[in-house]
There are 2 protein chains.
Amino acid sequence: MKLSTRGRYGLKAMFDLALYYGEGPISLTNIAERQAISVNYLEQLISPLRKAGLVESVRGAQGGYMLSRTPGTITVGSILTTLEGPLAPTDCVVIDSGDDLCDQSGYCVTKVIYEKIYESITSVVNSITLQHMIDDYEQNQGQMIVHTICECK
Amino acid sequence: MKLSTRGRYGLKAMFDLALYYGEGPISLTNIAERQAISVNYLEQLISPLRKAGLVESVRGAQGGYMLSRTPGTITVGSILTTLEGPLAPTDCVVIDSGDDLCDQSGYCVTKVIYEKIYESITSVVNSITLQHMIDDYEQNQGQMIVHTICECK
DNA sequence: TTTAATCCCTAGTTGTTTACTAAGGAATCA
DNA sequence: TGATTCCTTAGTAAACAACTAGGGATTAAA
């Protein structure tokens, strides 16, 4: 039930971009240095985020990435699901998954539990935006640790 | 963010035991057949559940396993955490984990999010007991699928 | 117009984890 | 005594995670 580095790094990167929102494109090299992530790996994470329409890119020298919308309209849920897939404890609770998972026609005592878990996770991550994180960050900057965000595992 | 077969099979097995609560020891062979799990694998799952005090065993012929308490006092959370470890999206939110995860002394914008996810999952699974599952099962027996529980993936 | 910076894409690699299978010992009932 | 059952450990094949590597496309600046 752990998030992988894809989701964790991706969230860090998106928060980094949110801090520089409105200041033009930010290069991956910059983000990678600040957040202590390999540039090559970060490229693989930003790609789906761009395809999902969460960030926009500017190619060439002095290029980089920027949020495609205001931080207040980008949820943590949209970032995490883009990189991790649905935040569901099982595949069977995900609507658009293939039919070969289990017999979906009947009632299942365990499935209702997994659905409740899924709903509660979704509800939390969809209610938090990058703007919330920025507000949180600015309020607590005094006790902030060294990096922008710690290497949360 | 998926549960592994350990948690899913373990929950199925515990629900099976709950259905036979008060009827003496149930052999793993029985459970394995009903729930379509390999006996050898199931043995590896029941072992930690026994060590956690959730089930009791009777050795020898006509032996088996039974819940150590009433189904109403055994939560889904206790079963899943026994088999999967803490249901946390990251290690850093787990209190008793080693100190080498990240600098725990400072404030972290992402950690607070992971803590909220952790709390919401914990809250759901700790509020559901095996008795709830039995009640649910008996209420919906009409639309029940073939097996006791479907092969939820 | 060249160069450097940057995005963009794909393939390969290494280590870990998952999901088992297999096998044999210990206890107990018939 | 033998069948049945719990109990434990070791091994293994496949999938996955977390990268590394390399090269092509695009563009600003020198």
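Throughout, protein chains are lettered first and strands after them, A, B, ... in sequence-line order, and every chain is numbered starting at 1.
Residue contacts for K2(B): at a heavy-atom cut-off of 4.0 Å it reaches no nucleic acid atom on any strand shown. Backbone-only contact: L28(A) has heavy atoms under 4.0 Å from sugar-phosphate atoms and none from a base. Note on S47(A): only backbone sugar-phosphate atoms sit closer than 4.0 angstrom, heavy atoms only; bases stay farther off.
We find that CZ of R59(A) is positioned 6 Å from P of dT26(D), with the value rounded to whole Å. With rounding to whole Å, E56(B) atom CD is found 11 Å from dC7(D) atom P. Atom P of nucleotide dT8(D) and atom CG of L42(B) are separated by 14 Å, given to the nearest angstrom. The separation between L3(A) atom CG and dA17(D) atom P is 12 Å, rounded to whole Å. If you measure from atom OH of Y41(B) to atom P of dG11(D), you get 19 Å, rounded to the nearest angstrom. For the pair Q44(B) CD and dT5(D) C1', the interatomic distance rounds to 17 Å; values are reported in whole Å.
Although no hydrogens or angles enter the test, the distance criterion places a donor-acceptor pair under 3.5 Å between the side chain of T73(B) and the main chain of T70(B). Side-chain atoms of R50(A) never come within 3.5 Å of backbone atoms of V55(A) as a donor-acceptor pair (strictly under, hydrogens ignored). In terms of modelled atom types and a separation under 3.5 Å, the side chain of E84(B) and the main chain of L3(B) share no donor-acceptor contact. In this structure, the side chain of S68(A) engages the main chain of L54(A) through a donor-acceptor pair within 3.5 Å.
Taking 3.5 Å as the limit, the base of dT20(D) and the side chain of E43(A) contain no donor-acceptor pair of atoms between them.
Each of Y21(B), Y137(B), Y9(B) was compared with F15(B) under the ring pair (Phe, Tyr, Trp, His ring centres under 6.0 Å) criterion, and only Y137(B) meets it.
Across the interface with DNA chain D, nearest-nucleotide mapping of R8(A) and Q62(A) shows R8(A) to be the residue nearer the 5′ end. Looking at which nucleotide of DNA chain D each of S38(A) and G63(B) is closest to, the 5′-most match is held by G63(B).
With distances taken from any side-chain atom of S4(A) to the nucleotides dT5(D), dA18(D), dT20(D), the minimum falls on dA18(D). The side chain of N40(A) sits closest to dT20(D) out of dC7(D), dT20(D), dC19(D).
Of the side-chain N and O atoms in Y9(A), none sit less than 4.0 angstrom from OP1 or OP2 of dA17(D). For the pair T29(B) and dT4(D), the criterion of a side-chain N or O lying under 4.0 Å from OP1 or OP2 is not met. Between dT8(D) and R50(B), a contact under 4.0 Å exists linking OP1 or OP2 to a side-chain N or O.
For DNA chain C, the span of nucleotides reached by chain A at under 4.0 Å from its heavy atoms goes, 5' to 3', from dA5(C) to dA11(C).
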Next on the checklist: Evaluate Y107(B) against D136(A) for side chain to side chain donor-acceptor pair (under 3.5 Å), listing each step before the verdict.
Outcome noted: CA-CA 10 Å; Y107(B) 189 85; D136(A) 201 19; 2.6 Å; yes

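The local environment of NZ in K2(B) is crowded, with over 12 non-hydrogen atoms from other residues, nucleotides or ligands closer than 6.0 Å.
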